J.: 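If you scroll down you'll find the structure; I have some questions about it.
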Amino acid sequence: MVTSTENHVTSSELLRDAEELRAQVHLIVNSTYVTDVHTHIFPPAFKHLSVFGIDELLTYHYLVAETFRSARVAYDRFWRMSKTEQADLVWQTLFVENSPVSEAARGVVSVLDAFGLDTRATDLREARAFFNSRTLREHLDQVFDLALVSDVVMTNDPLDEAEARMWRDGIDLDRRFRSSLRLDRLLNDLLNDGRHGADVLSRRRFLDEWIQRTNPVYLAASLPAEFQFPSDDARDRLLREVVLPAAKDHGLALTLMIGARRQVNPHLRDAGDGVGRADVKAIERLCAEYLDVKFLVTFLSRENQHELCVAARKFSNLMPFGCWWFLNNPSIVSEITRERFELLGPSFIPQHSDARVLEQLIYKWRHARKEIADALYDSYARLLDSGRAVTSEEISRDVHRLFSANFKTIH
Ligand code: FIX
Ligand code: ZN
C-alpha cells in the first residue's frame with residue numbers, strides 16, 4: 001500500500017485538490033502490481049513456446065495484418081520468408097516508411113523505449129544485438145518488473161501434443177506463471193468432427209486428469225459470436241455434462257471469451273480472425289442456471305459491452321474482464337472502463353494483456369494503466385464534485401481490488 005508520496009500526502013488525508021487527486025491516482029495506478037488474468041506467454045521451461053525479442057514482437061499477428069495493408073507482398077511470399085525476413089519487412093513497412101501510430105505498432109515503440117533502444121532506427125541491428133545479449137531468466141525478471149506484473153495466467157491446451165508432452169514429462173513451474181485449461185478443441189472442434197455428443201465419460205476423465213496435472217486457476221474456452229445457451233448441439237451437451245460439472249466439482253471458475261469469428265481470411269493465418277456481435281442473453285441464462293459456478297467473461301464486440309455490464313449487475317457470479325484484442329485501443333479501453341465504473345463500481349477486472357511475446361507485457365500494461373488511471377481519476381473527481389473526497393489509502397484499496405483482489409475472488 002502507498003502510504004506517502006513525493007508531495008507528502010498522507011494516506012488518510014482527504015484529497016480535495018483536483019491536481020493532487022490526479023497525481024495520487026496516477027502514482028498509485030502506476031506503482032501497483034497486477035495479476036494478468038489471460039496471456040499466451042510461457043516461462044522458459046516450456047522451451048519453444050517461451051518467446052521473446054524483436055523478431056517475435058514484429059511478427060505478432062496484429063502487426064502482420066497491418067503490414068499486408070501497406071506492403072505489396074503476396075500471402076504465399078510472406079509465409080515463405082524466414083521470421084527474420086518477415087520482421088525486417090514489418091519494420092520497413094510500418095516503422096520506416098510509415099509512422100507507427102496504430103496501437104500494436106506504438107506498442108513496439110514503447111518496448112524499445114523501455115530498454116533505451118533507438119525507436120527511429122532504420123534497421124533492426126541494434127535491437128537484435130540487444131535482445132540476443134539477454135539471458136532469458138534475467139530478462140524475464142526485468143520485464144515483469146518494468147510491467148509491474150506480479151503473476152500471469154497462461155493458456156494451456158491439453159490437446160496440443162507438444163505442450164501435453166512437456167506437462168507429462170514434468171515441469172518445474174515458475175510460480176509467477178499460473179495455468180488455465182483451454183477447452184476450445186474439446187468444445188468447438190467436436191461440433192465439426194461428426195462425433196456428436198460422443199463419449200461424455202471419457203472426456204470427463206480426460207478433464208479430471210488434466211486438472212490434476214496442471215492445477216489450473218480456471219477452465220476456459222473461446223466461443224463464436226453465434227454462441228447460444230441453451231442450445232440443441234454437442235457443445236451444449238459437453239458444457240452441461242462435462243465442463244460445468246467439472247468446474248463445480250473442482251471449485252474452478254469458467255472463463256468465456258466470446259465473439260471471435262475464426263479465419264475470416266485464412267490467408268492471414270493467425271491474423272485472419274474477425275469479430276462478431278454475440279448474444280449476451282446466452283451468458284445471463286448460463287449464470288442463472290449455474291449460480292454456484294463463477295464465470296469470467298469478455299466479449300470481443302464493442303456493441304456487447306454495455307449489455308455485459310448490465311448482466312453483471314444481475315449476477316454476482318459473473319465477472320467481466322479485459323478489453324480484448326480489437327478493443328485494446330486507448331479510445332475503446334477508455335470508453336469501456338468508464339462504462340464499467342459507472343455501472344459496476346470497482347467490481348470488475350479492467351484489463352488482461354493477451355501477450356503472446358514476453359515484452360508485450362510492458363506496453364500492454366503501460367498503455368492500459370494510463371486509460372485506467374484517467375477513468376478512475378474522473379470517477380473520483382465526480383465524487384468530489386458531489387461532496388465526497390477520497391484518501392490515497394482508499395485509492396490504493398480500489399486499485400488493489402481492480403488489479404488482483406477481484407481475480408482472487410474467483411479462484
Ligand atoms: O482466443 C484467444 O485467446 C485470443 O486472444 C487469441 O487467440 C488471439 O489470437 C489473440 O492473440 C488476441 O489478442
Ligand atoms: Zn487470448
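Numbering of ligands and ligand atoms starts at 1, following listing order. Quick caveat: nothing in here was measured; it's all calculated off a predicted structure.
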J.: Indicate yes or no: does an N/O atom of Tyr60 lie under 3.5 Å from an N/O atom of ligand 1?
T.: no
J.: Compute whether any side-chain donor of one residue and acceptor of the other, for His250 and Gln212, lie under 3.5 angstrom apart.
T.: no
J.: Under 4.0 Å, heavy-atom basis, I'd like to know which part of Gln360 is in contact with ligand 1: side chain, backbone, both or neither.
T.: neither
J.: Taking atom types as modelled, find out whether His367 and Ser110 have a side-chain donor-acceptor pair closer than 3.5 angstrom.
T.: yes
J.: For Asp273 and ligand 1, does the shortest N/O to N/O distance drop below 3.5 Å?
T.: no
J.: Return the residue, atom name and 0.1 Å-rounded distance of the protein heavy atom closest to atom 13 (O) of ligand 1.
T.: Tyr62 OH, 2.5 Å
J.: Which residue supplies the protein heavy atom nearest to atom 6 (C) of ligand 1, what is that atom called, and how far is it?
T.: Arg356 NH2, 3.2 Å
J.: Does a salt bridge link Arg106 with Glu103, judged by any charged N lying under 4.0 Å from a carboxylate O?
T.: yes
J.: In terms of relative ring orientation, are Tyr60 and Tyr62 parallel, tilted or perpendicular, with 30° and 60° separating the classes?
T.: parallel
J.: What protein heavy atom is closest to atom 10 (C) of ligand 1, reported as residue, atom name and distance in Å?
T.: His61 NE2, 3.4 Å
J.: Which part of Arg182 is near ligand 1, with near meaning a heavy atom under 4.0 Å away: side chain, backbone, both or neither?
T.: side chain
J.: What protein heavy atom sits nearest atom 4 (C) of ligand 1, and how far off is it?
T.: Trp324 NE1, 3.6 Å
J.: Could you check whether Glu161 pairs with Arg168 (Lys NZ or Arg NE/NH1/NH2 to Asp/Glu carboxylate O, under 4.0 Å)?
T.: yes
J.: Say whether Trp91 and Asp123, considering side chains only, have a donor N or O and an acceptor N or O under 3.5 Å apart.
T.: no
J.: Does this structure show an ion pair linking Asp236 with Arg240, if we count only N-O contacts that are shorter than 4.0 Å?
T.: yes
J.: Given Gln351 and Asn328, is the side chain to side chain contact (heavy atoms under 4.5 Å, CB included) satisfied, shown in steps?
T.: CA-CA 9 Å; Gln351 189 54 308; Asn328 191 1; 3.2 Å; yes
J.: What atom name does the N, O or S atom of His40 nearest to the Zn ion (ligand 2) carry?
T.: NE2
J.: Salt bridge or not for Glu19 and Arg22, using N-O below 4.0 Å?
T.: yes
J.: Flag Ser222 as yes when one of its N or O atoms lies below 3.5 Å from any N or O atom of ligand 1, and as no otherwise.
T.: no
J.: Would Arg178 and Asp151 pass as an ion pair if we require N to O under 4.0 Å?
T.: yes
J.: Which ligand 1 atoms are under 4.0 Å away from a heavy-atom of Arg262?
T.: 1 (O), 7 (O)
J.: Any idea which atoms of ligand 1 are less than 4.0 Å away from a heavy-atom of His38?
T.: 3 (O), 5 (O)
J.: Would you check whether Trp325 has a nitrogen or oxygen atom less than 3.5 angstrom from a nitrogen or oxygen atom of ligand 1?
T.: no
J.: Taking the N/O/S atoms of Asp354 one by one, which is nearest to the Zn ion (ligand 2)?
T.: OD1
J.: What do you reckon, does Asp270 have a nitrogen or oxygen under 3.5 Å from a nitrogen or oxygen of ligand 1?
T.: no
